[in-house]
Amino acid sequence: MTTTEHEHIDAVRDRLGAQFPDVPRPVIDDTIAAEHARFEGNSIRDFVPLFVERKARQALQAHAH
């Protein structure tokens, strides 16, 4: 993961933490890590943080309800 990608994933973590304050931080971290792992080996990384955020948000919404 590039430094920029790492920074974007950190920002995703912060946004999702703010959006889902009732979800424990380890659950958010694990959800992001699982979604991020789906993109390992992909050579085009530009949109990975966006895709990770979308998928993680969907999973956390299901978890929150």
Side-chain angles (χ1 to χ4, degrees):
M1 178 169 32
T2 65
T3 300
T4 303
E5 185 175 331
H6 181 72
E7 291 168 351
H8 286 296
I9 295 296
D10 285 345
V12 166
R13 187 174 286 111
D14 292 341
R15 283 193 296 274
L16 292 177
Q19 185 175 357
F20 299 98
D22 296 334
V23 176
R25 190 60 179 234
V27 172
I28 292 172
D29 292 343
D30 290 347
T31 302
I32 290 170
E35 294 302 331
H36 194 249
R38 292 177 179 223
F39 297 97
E40 281 187 30
N42 290 1
S43 59
I44 299 175
R45 308 296 301 175
D46 294 345
F47 298 104
V48 168
L50 175 66
F51 297 145
V52 168
E53 184 169 3
R54 284 182 183 172
K55 290 292 197 178
R57 180 176 285 116
Q58 291 170 352
L60 292 170
Q61 284 173 335
H63 184 274
H65 290 119

Heavy-atom check, side chain of H8 versus side chain of V12, under 4.5 Å: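 Not touching, per the 4.5 Å side-chain cut-off.
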
Could you check if a side-chain atom of Q61 sits within less than 4.5 angstrom of a side-chain atom of Q19, using non-hydrogen atoms only?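 Of all side-chain heavy-atom pairs linking Q19 with Q61, at least one is under 4.5 Å.
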
Distance in Å, [X] [atom1] paired with [Y] [atom2], rounded so as to fall on 0.5 Å steps:
X: F20; Y: R57; atom1: CZ; atom2: CZ; result: 6.5 Å
X: I28; Y: R15; atom1: CD1; atom2: CZ; result: 12.5 Å
X: E53; Y: H36; atom1: CD; atom2: NE2; result: 12.5 Å

Just one of D30, I9, V48, V52 clears the side-chain contact (heavy atoms from CB on, under 4.5 Å) bar with E35, so which one?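 The passing option is V52.
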
For [X] and [Y], work out which heavy atoms get closest and say how close.
X: V27; Y: T31; value: O-OG1, 2.7 Å
X: I32; Y: R13; value: CD1-CA, 3.5 Å
X: E5; Y: P49; value: CG-CG, 4.1 Å

Atom CZ of R54: over 12 foreign heavy atoms under 6.0 Å: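 Counting neighbours around CZ of R54, 12 or fewer heavy atoms of other residues, nucleotides or ligands fall under 6.0 Å, so no.
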
